[in-house]
Structures are given as structure tokens and as C-alpha cells.
Protein chains: 2
Amino acid sequence: MSVDRTQVLHAAAALLTRKATATMDEVARAAGIGRATLHRHFAGRDALVRALEELGLQEMEGALDRAALDDGPEDEALRRLVAEVEHVAPLLSFLVTENQLFEGDQQHVGWARIDARVSALFRSGQESGAFRIDLTPAWLTEAFYGLVGSGAWAVQDGRVAAKDFQYMIAELLLGGARRSVEK
Amino acid sequence: MSVDRTQVLHAAAALLTRKATATMDEVARAAGIGRATLHRHFAGRDALVRALEELGLQEMEGALDRAALDDGPEDEALRRLVAEVEHVAPLLSFLVTENQLFEGDQQHVGWARIDARVSALFRSGQESGAFRIDLTPAWLTEAFYGLVGSGAWAVQDGRVAAKDFQYMIAELLLGGARRSVEK
DNA sequence: ATCGAATGAGACATTGATGTCTCATTCGGT
DNA sequence: ACCGAATGAGACATCAATGTCTCATTCGAT
């Protein structure tokens, strides 16, 4: 009977990522609850968005922790990160898209931290020789977000099988589309 | 004095991609015109979105034509496509994001055509041996959209230099982040 | 089975965006 | 320099979403 706040937020993220103009009523329906109940849990649209931010940042931090980015080769760390990020993907996608994240003109502090951690992985990989150095960490970070979002979208839309999510993203991000001559 | 319809639509796309909930007034300001004028050219928000769809599809078709995807090696064709797509990026990003493109439950016919053309490039590349075959054309297509969107966003936000747009996208999409052992 | 808490559905007032209109001003062509 | 067309600014009515409320119902715990 009691509403699962986290589940509601995940459903909201999935919907709002694809249709940012969705009504509070649509969000409620997507989460399988009534509009009144949605309002009981989140004072309004702003409160909902802020809750999404908070949960997204929190789950993303958790994913980064579990991926243990400092352990072992960076390409393997990246694969672990992709795996951990899978179920946070809609939420992450919402955070990246939704630029309500910007308070005024400066970036959200919590988001800056996420950004720094992902970016550090790429930088570390460049220093160790695992990653190429002609693509900036900032771009690789941005590309990572973009591919995770595209992957989540492709899966949700049935264009990619859910089981292939991690492989498709990690392989493209690491190896690209070109067929390697080596091997 | 006269409003440049295309310029207005590009400005609208750039704004709406980042902030889908933007007001008609905000769109007008972003395009540097008054709200009344915006309404004179586009009957309403729906009309504006439909005009964005139309222009986006049209410019995307043009980019695909100019890229001459059937000529020469597929990786070079992809580079040409990235180059041609650069100035359409915000519009493309809007089209990919905005799922008003779906009329009811089926995909927009114009969009399906774009999708087919991009997808065909990847399939052709797989058949010729230029691209790897363990990543589906559907996914490569989706990834292409995602990276173009991320690139446009990164440039607009100052995280990537505009002059690096084509290189960053093409290199990541073709070669990935991993440092090649060969060469 | 009972009771209390939470929910869903709907009514309602409020708010903000929208769409239309007018009018003064500016721009472009002649 | 003149005239017509287009624009910007603002006023205004309308409409849709929002936020609040009530009440019957359902769920879960005891």
C-alpha cells in the first residue's frame, strides 16, 4: 500500500527523460500512483525534480564507489562502471539532460563531484597508457554520459537487447566502431 | 527587419534541447525577437515543434546527401557525415530527444528514413569489413546520435573547443578511447 | 475481524503560460 | 523623403496545469 519513494523517482526519471514536458498527472500514472499521492510525497514539480537530483547524485556516487575505479587497469574499471551505472541510467540521463541542475549560472556542486570522479578515471587511464591522449578527459566524460543515455534509450525502446547494454556501451566507448587490424 | 525563419528555428532548437520546458517567451528572447513576432510565424508551441521537426529532417537529409555515404570507404564516409552534421547538431539533438516525433505509437516516417540511411552506412561498413560486426547497426546509429548530441552540448558549454567537434566525435566513434597497441 | 493509515478519485481555486489584439515604432523599398 | 509592411511592447481573455481539499476505499498491522 505504501508508496516506494525510490521506485516512483525511477519511474519519473524514465518518463521525464523522454518527455520533459510531462504533466504531474502523467508522472503519477507512469509511477502507477494517483496524482494526489504524488503531491503528498513531493510538494510540487520543483520538489520532485530536486528529489530526482538528490537520488540521482546519491545513486551515482554509489555506483562510482562500487566500481572501485582506482583498482586495476582503467579499461576494466570503466567496464565495471558501465555495469554499475546500468540501472541508474535513466536517472543519470535525466541529470545530464535537465539543466535545472544549474543554480543560476554555476554548476551544481554535487554534480561537479561526479564529473570530477569520472574525469579522473579517464585522466588516470591516459597517464597509465591505457587510453589515448588525443581525446580530452572532459570529452570522454561527456561521451560516457551520452552513450549511457543512448544505451538506456535504445534498450527501453527495444532497439537493443537489455542483456547487451553493458557490452555495447563498453565496447564502443573503449574500442570504437572500426574493425581493428590487430588481432 | 524581416525575421529569418531558419535562424529562429535553430535558436529555438538550441534552447529547447537544453530546456524542454522553456516558455514561448524564452524561446522568443533566445531567438532575439518578440513573443508576438514568434506567434506571427508559428501559430503555437505545437506548430513550432512541427516546424522544428520539418527543418531538422530536411537539413538532416541534406547532410546525408552531401556526405555521399556510398562513396569510398565507410569510415571516411562517417567522417564526412560528422562534418556535415555539425551545424545541424542542436536540431538533430532536439529531434532525437523530443519524442513528440512519435505520432501515437509509431515512429515518424521522415525520421525512420533518416534512421535507415545512417543505419545502412554502418551495415555497409560491416559488410565491407570496415566496421566490427559485434555492434549492431541499430546501436551504432543510436550511439552516433548520442555522441553528436553530447558533442554539441560540450561545445556549447565550453568543455570542448568548437574546432575539435568533428575530430572528437569521429575519433571516439571510430576508434574508441582505448589506446591502440598497433602503431 | 477491526482499526488506523495511506491511497485514489474527483472537485475546486489558483497560477502561469498561451494565444489574440492594439498601437506606436522601425525598417526596407521606392 | 515617403509609404507600406513588419516588428516590439504591452494589455487582455483563455486555458491548462498546478496545488489543495474532501471523502470513500483499500491495505496492512494487530
Side-chain angles (χ1 to χ4, degrees), chain A residues 1-56 90-91 93-95 97-105, chain B residues 1-56 90-91 93-95 97-105:
Chain A
M1 175 194 205
S2 203
V3 160
D4 179 353
R5 182 186 168 91
T6 299
Q7 177 269 327
V8 170
L9 286 174
H10 275 273
L15 173 62
L16 290 174
T17 299
R18 302 194 305 167
K19 189 179 177 183
T21 57
T23 291
M24 288 295 276
D25 189 66
E26 291 176 295
V27 172
R29 300 296 161 181
I33 64 177
R35 193 169 70 96
T37 304
L38 182 62
H39 269 91
R40 282 189 195 100
H41 287 268
F42 307 97
R45 197 190 187 77
D46 289 346
L48 176 65
V49 170
R50 252 172 303 187
L52 282 170
E53 283 181 15
E54 194 179 347
L55 180 66
L91 218 26
S93 190
F94 174 79
L95 290 187
T97 300
E98 195 71 4
N99 279 81
Q100 317 298 43
L101 270 175
F102 291 70
E103 308 165 329
D105 218 15
Chain B
M1 175 191 204
S2 204
V3 160
D4 178 353
R5 181 186 170 92
T6 299
Q7 177 270 327
V8 170
L9 287 174
H10 275 274
L15 174 62
L16 290 174
T17 300
R18 303 195 302 169
K19 189 178 177 183
T21 58
T23 291
M24 288 294 276
D25 188 67
E26 292 175 294
V27 172
R29 301 296 161 180
I33 63 177
R35 192 169 70 94
T37 304
L38 182 62
H39 269 93
R40 281 190 195 100
H41 286 269
F42 307 98
R45 198 190 187 76
D46 288 347
L48 176 65
V49 170
R50 252 172 303 186
L52 282 170
E53 284 180 15
E54 194 180 347
L55 180 65
L91 217 27
S93 189
F94 175 79
L95 290 188
T97 301
E98 195 72 4
N99 279 81
Q100 317 299 43
L101 269 175
F102 291 72
E103 308 165 328
D105 218 14

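Throughout, protein chains are lettered first and strands after them, A, B, ... in sequence-line order, and every chain is numbered starting at 1. These figures come from a predicted structure and were not determined experimentally.
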Original post:
Among residues 40-47 of chain B, which contact DNA chain D at a heavy-atom distance under 4.0 Å?
Top reply: B:R40, B:H41

Subject >> Members of residues 4-13 of chain A that approach DNA chain D, where some heavy atom sits under 4.0 Å away >> reply: none

**OP:** Measure across A:L38 and A:M24 and return the closest heavy-atom pair with its distance rounded to 0.1 Å.
**Re:** CD2-O, 3.3 Å

Subject >> Minimum-distance pair of heavy atoms, taken over all atoms of A:A30 and A:A11 >> reply: O-CB, 3.9 Å

Original post:
Is the backbone N or O of A:T17 less than 3.5 Å from a side-chain atom of A:T97, with the two atoms forming a donor-acceptor pair by type?
Top reply: no

Say you draw a straight line from [atom1] of [X] to [atom2] of [Y]; how long is it, rounded to the nearest 0.5 Å?
| X | Y | atom1 | atom2 | value |
| --- | --- | --- | --- | --- |
| A:L55 | A:L91 | CG | CG | 5.0 Å |
| A:L9 | A:H41 | CG | NE2 | 10.5 Å |
| A:H10 | A:L15 | NE2 | CG | 14.5 Å |

Please state how far atom [atom1] in [X] lies from atom [atom2] in [N], giving the value in whole angstrom units.
| X | N | atom1 | atom2 | result |
| --- | --- | --- | --- | --- |
| A:L38 | D:dT18 | CG | P | 10 Å |
| A:I33 | C:dA9 | CD1 | P | 11 Å |
| B:H39 | D:dG10 | NE2 | C1' | 14 Å |
| B:D25 | C:dA17 | CG | P | 9 Å |
| B:M24 | C:dT18 | CE | P | 6 Å |
| A:R29 | C:dG10 | CZ | C1' | 11 Å |

Original post:
So B:R45 and B:L16, side-chain contact (heavy atoms from CB on, under 4.5 Å) or not? Walk me through it.
Top reply: CA-CA 11 Å; B:R45 198 190 187 76; B:L16 290 174; 3.9 Å; yes

Original post:
Is A:T37 near enough to C:dG8 that one of its side-chain N or O atoms lies under 4.0 angstrom from OP1 or OP2?
Top reply: yes

Subject >> Contact check, side chains of A:E53 and A:R50, non-hydrogen atoms, under 4.5 Å >> reply: yes

Subject >> B:E54 side chain reached by B:L52 side chain, heavy atoms, under 4.5 Å >> reply: no

Original post:
Under 3.5 Å, is there an N or O donor on one side and an acceptor on the other linking the side chain of A:R35 and the base of D:dG19?
Top reply: yes

